[in-house]
Amino acid sequence: MHSFGYRANALVTFAATILAIICALASFSDTLKSPSPMAQVQVLSINWFQNQPNGNDEVSMTLNISADLQSLFTWNTKQVFVFLAAEYETPKNSLNQISLWDSIIPSKASAKFQIHTSNKYRFVDQGSNLRGKEFNLTLHWHVMPKTGKMFANKLVMFGYRLPQEYR
């Protein structure tokens, strides 16, 4: 006959094994779904475009961000972190990324949205490289599951250009 401690150990080990298997299956079930998020960003206006006294360019924009990220949500999704970044090239760096706006989406119900806002974070370039510069706006998202591996992806929107002159 086995002791109480031996039986308790066997029961806890069995329960932990079953829980690990269920978590692995839950994580695997997310890989079977292929999300199809949609987004559109409009630059409504350039509020200001100036050269700072230290020589850096700074831009403030009014944006209209509309997105439908509901397809990113499954029964295993805890929340989605989403951010909008401006991406451009300079002679020094092949890729510059500046975060303009971000949000945490806690549920599928709030994953379809339209926001009219100015950039939340400063759009500053180290140097005078932004006049007439073409840039892309990229919507990045990170899906945080209840269990399993976090995954990220992005949607790139091309064809934006800054003015030639400071305002």
Side-chain angles (χ1 to χ4, degrees), residues 15-50 56-90 93-126 129-130 132-163 167:
T17 303
I18 295 300
L19 184 62
I21 290 170
I22 290 172
C23 288
L25 289 174
S27 181
F28 177 72
S29 72
D30 280 346
T31 62
L32 300 176
K33 186 175 184 208
S34 59
S36 56
M38 293 181 288
Q40 182 179 4
V41 179
Q42 294 175 314
V43 177
L44 299 177
S45 66
I46 304 291
N47 301 330
W48 76 78
F49 180 35
Q50 61 191 11
N56 296 336
D57 284 349
E58 181 177 5
V59 182
S60 173
M61 299 183 283
T62 301
L63 304 167
N64 190 16
I65 306 166
S66 59
D68 183 358
L69 305 177
Q70 291 178 331
S71 65
L72 297 174
F73 281 82
T74 66
W75 66 273
N76 190 32
T77 304
K78 180 178 180 181
Q79 64 187 12
V80 175
F81 174 71
V82 61
F83 69 97
L84 181 70
E87 299 179 344
Y88 60 95
E89 294 181 10
T90 59
N93 302 307
S94 61
L95 177 63
N96 295 281
Q97 291 181 314
I98 299 175
S99 181
L100 301 176
W101 170 86
D102 66 6
S103 182
I104 294 174
I105 302 171
S107 66
K108 186 174 184 174
S110 55
K112 189 172 184 176
F113 58 88
Q114 183 167 354
I115 298 171
H116 180 82
T117 184
S118 291
N119 46 307
K120 188 175 178 181
Y121 304 107
R122 295 174 44 177
F123 186 166
V124 177
D125 179 65
Q126 296 175 343
N129 299 310
L130 292 181
K133 179 65 68 180
E134 286 188 18
F135 66 99
N136 301 327
L137 290 174
T138 305
L139 190 71
H140 297 261
W141 58 85
H142 297 264
V143 178
M144 298 166 195
K146 294 174 185 166
T147 180
K149 182 180 171 195
M150 185 170 74
F151 74 92
N153 209 340
K154 63 185 176 181
L155 182 63
V156 180
M157 292 157 273
F158 301 97
Y160 300 94
R161 181 181 288 279
L162 291 169
R167 299 181 190 182

- Task: Please identify each residue that fulfils ring pair (Phe, Tyr, Trp, His ring centres under 6.0 Å) with F73, with sequence neighbours left out.
- Result: none
- Task: Can you sort out the partners of S71 under side-chain hydrogen bond (donor to acceptor under 3.5 Å, both in side chains), two or more places apart, ordered by chain and number?
- Result: none
- Task: Specify the closest pair of heavy atoms between S94 and E89, including all atoms of both residues, with the distance to one decimal.
- Result: O-CG, 2.9 Å
- Message: Could you work out, with salt bridge (charged side-chain N to carboxylate O under 4.0 Å, His left out) as the rule, every residue matching E58, not counting sequence neighbours?
- Response: R122
- Item | Exam field: side chain K78 to backbone S107, donor-acceptor pair closer than 3.5 Å | no
- Residues two or more places apart in sequence or in another chain: which of them pass side-chain hydrogen bond (donor to acceptor under 3.5 Å, both in side chains) with S99? none
- Task: Could you list the residues that satisfy salt bridge (charged side-chain N to carboxylate O under 4.0 Å, His left out) with K120, not counting sequence neighbours?
- Result: D102
- State which residues pass salt bridge (charged side-chain N to carboxylate O under 4.0 Å, His left out) with R167; sequence neighbours excluded, sorted by chain then number. none
- Message: Ring-plane angle category for F83 and H142, please: parallel below 30°, perpendicular beyond 60°, tilted otherwise.
- Response: parallel
- Decide if the gap between the ring center of Y121 and the ring center of F123 is smaller than 6.0 angstrom. no
- Side-chain touch L137/F158, heavy atoms, less than 4.5 angstrom: no
- For N129, what residues pass the side-chain hydrogen bond (donor to acceptor under 3.5 Å, both in side chains) criterion, not counting sequence neighbours? D125
- Taken in chain and number order and not counting sequence neighbours, the residues that satisfy side chain to side chain contact (heavy atoms under 4.5 Å, CB included) with L72 are P35, P37, L69, V80, W141, V143
- Message: Could you go through W48 and V59, starting from their C-alpha distance and side-chain angles, then the distance that decides it, and tell me whether this counts as side-chain contact (heavy atoms from CB on, under 4.5 Å)?
- Response: CA-CA 6 Å; W48 76 78; V59 182; over 6 Å; no
- Message: Ignoring hydrogens, what is the shortest heavy-atom contact between N56 and Q126? Give both atom names and the distance.
- Response: OD1-CA, 3.3 Å
- Please report the shortest heavy-atom distance between P163 and F49, naming the atom on each side. O-CE2, 3.3 Å
- Applying side chain to side chain contact (heavy atoms under 4.5 Å, CB included), name anything that partners Q79, two or more places apart in sequence or on another chain. I104, M144
- Task: Would you check, one step at a time, whether the test side-chain contact (heavy atoms from CB on, under 4.5 Å) holds for I105 with V82?
- Result: CA-CA 7 Å; I105 302 171; V82 61; 3.7 Å; yes
- Do N93 and T90 have side chains that get closer than 4.5 Å, going by heavy atoms? yes
- Message: Do N136 and Y88 have side chains that approach each other closer than 4.5 Å (heavy atoms only, starting at C-beta)?
- Response: no
- Message: Quick check against the 3.5 Å criterion: does D57 have a side-chain atom that pairs as donor or acceptor with the backbone of L130?
- Response: yes
- Query: Per the side-chain contact (heavy atoms from CB on, under 4.5 Å) rule, which among Q42, K112, Q40 passes with S66?
  - Reply: Q40
Return a table of donor-acceptor pairs under 3.5 angstrom between the side chains of residues 147-157 and protein atoms on other chains or two or more places apart.
none

- Task: State which residues pass salt bridge (charged side-chain N to carboxylate O under 4.0 Å, His left out) with E87; sequence neighbours excluded, sorted by chain then number.
- Result: none
- Message: Nearest 0.5 Å, please: how far is OG in S45 from CG in N64?
- Response: 11.0 Å
- Closest contact, heavy atoms only, S103 versus W101: CB-CZ2, 3.6 Å
- With the side chain counted from C-beta on, respond yes when N47 and S118 share a heavy-atom pair under 4.5 Å apart, and no when they do not. yes
- Please examine the side chains of V41 and L84, heavy atoms only from C-beta on, and report whether any two atoms are closer than 4.5 Å. yes
- side-chain hydrogen bond (donor to acceptor under 3.5 Å, both in side chains) partners for Q50, two or more places apart: none
- Please lay out, stage by stage, how I65 and F113 fare under the test side-chain contact (heavy atoms from CB on, under 4.5 Å). CA-CA 8 Å; I65 306 166; F113 58 88; 4.1 Å; yes
- Message: Just so I know, are the side chains of I46 and L162 near enough to count as touching, which here means a heavy-atom distance under 4.5 Å?
- Response: yes
